[in-house]
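Shown next, in structure tokens, is the structure this report addresses.
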Amino acid sequence: MKIENERREIEEKRLEEQEMVEEMIAIYCKKKHRTKGELCPQCQELLTYARERASKCPFMETKTFCSACPVHCYRKDMRDKIKEVMKFSGPRMLLRRPRMAIRHMMVTIESKRNNKK
């Protein structure tokens with residue numbers, strides 16, 4: 001039962017992270033690429049890649065978000081793209097999904113503080 005609960009918690013974290021990334025990419029694509037409803041091919045490729053990386057993450061049990069992870073599993077080109085998306089969309093998340101954005105900021109700050117110790 002305990003193992004099943006742990007798996008469920010890990011899967012919930014994975015889904016939460018994917019939802020955050022999906023929302024950020026959607027904001028970016030809509031504003032930068034002027035799309036409506038669907039992602040452009042480039043942003044869809046980035047989202048597919050991000051989902052794939054999250055689905056294979058061996059650190060999901062202990063990590064917070066990818067931005068706070070000590071191991072960067074994204075290819076350099078994709079890491080650069082996701083950083084650009086996050087830099088652009090992060091502040092806009094406060095207006096679109098404030099609860100999600102504030103939680104993300106709190107977890108990231110706490111994680112970075114713990115990594116310094």
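Quick note: numbers below take in every heavy atom, side chains included, and nothing from hydrogens, waters or symmetry partners. Since we're looking at a predicted model, the values are computed, not measured.
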So that I can tick it off, tell me whether Arg14 and Glu11 are bridged by a salt bridge, with the cut-off set at under 4.0 angstrom between side-chain N and carboxylate O. yes

Decide if atom CD of Gln44 counts as having more than 12 heavy atoms of other residues, nucleotides or ligands within a radius under 6.0 Å. yes

Closest non-hydrogen atoms of Val85 and Met24, given as atom of the first, atom of the second and distance, are CG1-O, 3.6 Å

Could you pull out all residues at least two apart from Arg103 that satisfy salt bridge (charged side-chain N to carboxylate O under 4.0 Å, His left out)? Glu16

Got a sec, which residues hit salt bridge (charged side-chain N to carboxylate O under 4.0 Å, His left out) with Glu45, two or more places apart in sequence or on another chain? none

Rounded at 0.5 Å granularity, tell me how far NZ in Lys32 sits from CD in Glu84. 6.5 Å

So do His33 and Tyr28 actually touch side chain to side chain, heavy atoms under 4.5 Å? yes

With sequence neighbours left out, the residues meeting salt bridge (charged side-chain N to carboxylate O under 4.0 Å, His left out) with Arg8 are Glu4

Show the nearest heavy-atom pair for residues Cys40 and Cys29, with the distance to one decimal. N-SG, 3.2 Å

Just wondering, more than 12 heavy atoms not from Arg7 lying within 6.0 Å of its CZ? no

One pair to check against side chain to side chain contact (heavy atoms under 4.5 Å, CB included): Leu94 and Met105. What are the steps and the verdict? CA-CA 10 Å; Leu94 282 169; Met105 286 188 303; 3.9 Å; yes

Do Met93 and His104 have side chains that approach each other closer than 4.5 Å (heavy atoms only, starting at C-beta)? no

For the residue pair Lys76 and Arg79, establish whether any side-chain heavy-atom pair is separated by less than 4.5 Å. yes

Heavy atoms only: give me the nearest Ala54-Gln18 pair and the separation to one decimal. CB-NE2, 3.7 Å

Lys81 NZ to Leu46 CG distance, which is reported to the nearest 0.5 Å: 7.0 Å

Does a side chain donor of either Thr48 or Glu52 reach within less than 3.5 Å of an acceptor in the other side chain? no

So do Val21 and Ile82 actually touch side chain to side chain, heavy atoms under 4.5 Å? yes

Looking at Arg75, is its backbone amide N or carbonyl O close enough to the side chain of Tyr49 to form a donor-acceptor pair, meaning the two atoms are under 3.5 Å apart? yes

Using a 3.5 Å distance criterion without hydrogens, assess whether the side chain of Arg34 forms a donor-acceptor pair with backbone atoms of Lys31. yes

Between the side chains of Arg97 and Glu19, is the shortest nitrogen-to-carboxylate-oxygen separation below 4.0 Å, so that they form an ion pair? yes

So, taking the atom named SG in Cys57 and the one named CD in Glu17, what distance separates them when rounded to the nearest 0.5 Å? 7.0 Å

Passes side chain to side chain contact (heavy atoms under 4.5 Å, CB included), Glu22 versus Arg51? Steps please. CA-CA 9 Å; Glu22 188 171 327; Arg51 285 178 178 160; 2.8 Å; yes

Same cluster or not: are Met20 and Phe88 linked, directly or through other Ile, Leu, Val, Met, Phe, Trp or Tyr residues, by side-chain heavy atoms under 4.5 angstrom apart? yes

